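For reference, the structure discussed in these notes is given below.
Computed from a predicted structure; not experimentally measured.
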2 protein chains.
Amino acid sequence: MSKISSNPVGHGSTDVRDRILETASKLFYKQGVRAVGVDLVVDKAGVAKTSLYRHFGTKDDLIAAFLEREDQDFWGQWDRVAAKYEHDARAELDAHLGWIGERVGRPNYRGCPQINVAAEFPEADHPARKVAETHKREMRRRLKAIAERLDVAVPDELAGQLSVLVNGAFVSSQIFEPGEATPLLRHAAEALISAGRSSNRIDL
Amino acid sequence: MSKISSNPVGHGSTDVRDRILETASKLFYKQGVRAVGVDLVVDKAGVAKTSLYRHFGTKDDLIAAFLEREDQDFWGQWDRVAAKYEHDARAELDAHLGWIGERVGRPNYRGCPQINVAAEFPEADHPARKVAETHKREMRRRLKAIAERLDVAVPDELAGQLSVLVNGAFVSSQIFEPGEATPLLRHAAEALISAGRSSNRIDL
DNA sequence: GTGAGAACAGACAGGTCTGTAGCACTGGAG
DNA sequence: CTCCAGTGCTACAGACCTGTCTGTTCTCAC
């Protein structure tokens with residue numbers, strides 16, 4: 001279908017869809033997905049409920065779209081940072097832990113959206129859960145790619161440890177002192193990498 | 001019916017209260033708190049709704065009681081293990097990572113209840129949130145007590161790192177291979193402790 | 001036996017939720 | 001100018017939710 005023009009507030013512009021998704025994302029993240037009804041979303045977005053259901057057939061689909069959006073934002077930030085350290089995996093990792101630690105320490109930080117939504121929807125076949133699971137596996141995959149450039153004995157284990165560390169940071173914001181997260185994560189990563197290099201990994 | 005020898009406690013027996021709390025705990029953990037209505041709880045527990053509201057004034061109170069129960073179970077297990085290693089902090093930590101890793105790998109593991117509920121109820125004044133926050137801080141407090149027996153330069157930082165690790169394990173069960181969690185956690189703890197002992201911690 | 005407390009059973013009130021339907025408006029394409 | 005897809009607005013259906021109320025039964029204590 002056309003929908004190509006998409007130019008400013010024209011006709012079939014995607015303006016309305018974007019506004020719905022952005023509004024829903026903010027509300028979902030801040031208040032929790034189940035706590036936010038579609039009526040609230042359409043009210044805050046200033047659109048008609050009909051429009052919401054035309055662009056997203058179901059609330060569940062809207063939730064999945066929310067997570068996909070967050071996923072894209074997250075990896076967008078990741079890629080932007082990664083691009084600066086193409087030749088230095090160690091520096092790249094530190095940089096990631098830097099912005100992640102900073103993000104975790106923000107005043108209104110409410111945890112990782114993927115994890116939060118997975119906690120709210122245990123049903124394995126929920127569309128949003130698939131996005132969340134893909135997100136977590138992608139995290140480990142990317143960390144493994146970094147670990148493989150770090151000259152450690154078992155890159156996959158280091159990747160697993162770093163994944164746990166990062167996921168842990170996402171859910172531990174409550175226990176951090178201000179500004180504590182990033183150095184804590186960096187020191188931990190340093191320790192894990194050092195241990196992975198020294199070859200005392202012969203035992204089980 | 002029988003009500004099996006409702007016996008001694010006879011009248012004000014806590015039998016009903018326990019049954020409600022246990023049933024609710026299972027359902028809440030498995031399906032999520034918001035997804036489970038009180039009607040389902042009373043039905044599965046085989047009690048009258050009046051009884052639920054007599055013992056727990058509110059669903060929110062029932063949720064808080066659920067988390068308190070989980071909290072007690074968790075620290076009960078912790079204490080049982082800790083008692084075996086009173087004189088060996090290193091072995092105690094390994095033992096904790098052992099049962100935590102095992103628990104995380106169970107087939108129906110659905111994450112830490114405290115974290116899940118906190119994700120479902122962002123409102124800071126929700127009674128269940130207070131239980132959850134207390135739980136997380138208690139975790140760091142206990143890990144700090146262990147770290148202080150481990151001859152590391154900055155026990156508080158190690159405690160923070162171990163807390164992140166444990167919380168991370170709770171939310172990362174999806175990315176673990178079967179049986180992977182415990183050794184991964186133990187190797188990580190080993191690395192963190194080693195790094196905390198070597199005195200290259202003079203920098204910031 | 002009698003009264004009190006606890007539990008059961010079921011209906012109900014009042015609200016919220018998702019999702020749908022009907023009708024009017026608008027602005028660009030032909 | 002005339003279509004017409006996209007949008008807004010309102011009302012509604014049907015389900016579900018929390019919490020309350022009434023009425024009945026059971027068991028213990030006295």
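- Residue contacts for A:T50: at a heavy-atom cut-off of 4.0 Å it reaches a base atom on one of the strands shown.
- End-to-end axis angle for the helix from C:dG1-D:dC30 to C:dG30-D:dC1, using five pairs per end and rounding to 10°, comes out at 10°.
- Ionic pairing of A:D94 and A:R90 is present here: one or more N-O contacts between side-chain nitrogen and carboxylate oxygen are shorter than 4.0 angstrom.
- Between B:E138 and B:R142, at least one side-chain N (NZ, or NE/NH1/NH2) sits under 4.0 Å from a carboxylate O, which counts as a salt bridge.
- Atom CG in B:D15 sits about 16 Å away from atom C1' in C:dG5, given to the nearest Å.
- One atom, NE2 of B:H55, and another, P of C:dA6, lie 8 Å apart when rounded to the nearest Å.
- The distance between atom CZ of B:F121 and atom C1' of D:dT18, rounded to the nearest whole Å, is 12 Å.
- Salt-bridge annotation for B:E92 and B:K84: absent, with no side-chain N of the basic residue lying under 4.0 Å from a carboxylate O of the acidic one.
- At a threshold of 4.0 Å, the pair A:R140-A:D156 counts as salt-bridged, since one of the basic side-chain nitrogens sits closer than that to a carboxylate oxygen.
- Checking D:dT18, D:dG8, C:dC8 against every side-chain atom of B:Y53, the shortest atom distance belongs to D:dT18.
- Donor-acceptor pairing under 3.5 Å is recorded for the side chains of A:D71 and A:W75.
- For the residue pair A:Q72/A:R69, the side-chain donor-acceptor check at 3.5 Å is not satisfied.
- Contacts between residues 23-49 of chain B and DNA chain C, counted as heavy-atom distances below 4.0 Å, involve B:G46, B:V47, B:A48.
- No hydrogens or angles considered: nothing links the side chains of A:Q161 and B:H187 as a donor-acceptor pair under 3.5 Å.
- With B:D60 contributing its side chain and B:A128 its backbone, the two residues share no donor-acceptor pair below 3.5 Å.
- For B:D18 and C:dA7, the CG to P distance is 11 Å, given to the nearest whole Å.
- Separating the CG atom of A:D60 from the C1' atom of C:dG19 is a distance of 12 Å, rounded to the nearest angstrom.
- Regarding B:D61, its CG atom lies at a distance of 13 Å from the C1' atom of D:dG19, rounded to whole Å.
- Among D:dG19, C:dG10, D:dG8, the nucleotide with an atom closest to any side-chain atom of B:K59 is D:dG19.
- Between A:F56 atom CZ and D:dT7 atom C1' there is a gap of 15 Å when expressed in whole angstrom units.
- Proximity of A:Y29 to A:N108: side-chain heavy atoms (C-beta onward) are nowhere separated by under 4.5 Å.
- The distance between atom CZ of B:R54 and atom C1' of D:dC21, rounded to the nearest whole Å, is 13 Å.
- The side chain of B:S51 places an N or O atom within less than 4.0 Å of a non-bridging phosphate oxygen (OP1 or OP2) of C:dC8.
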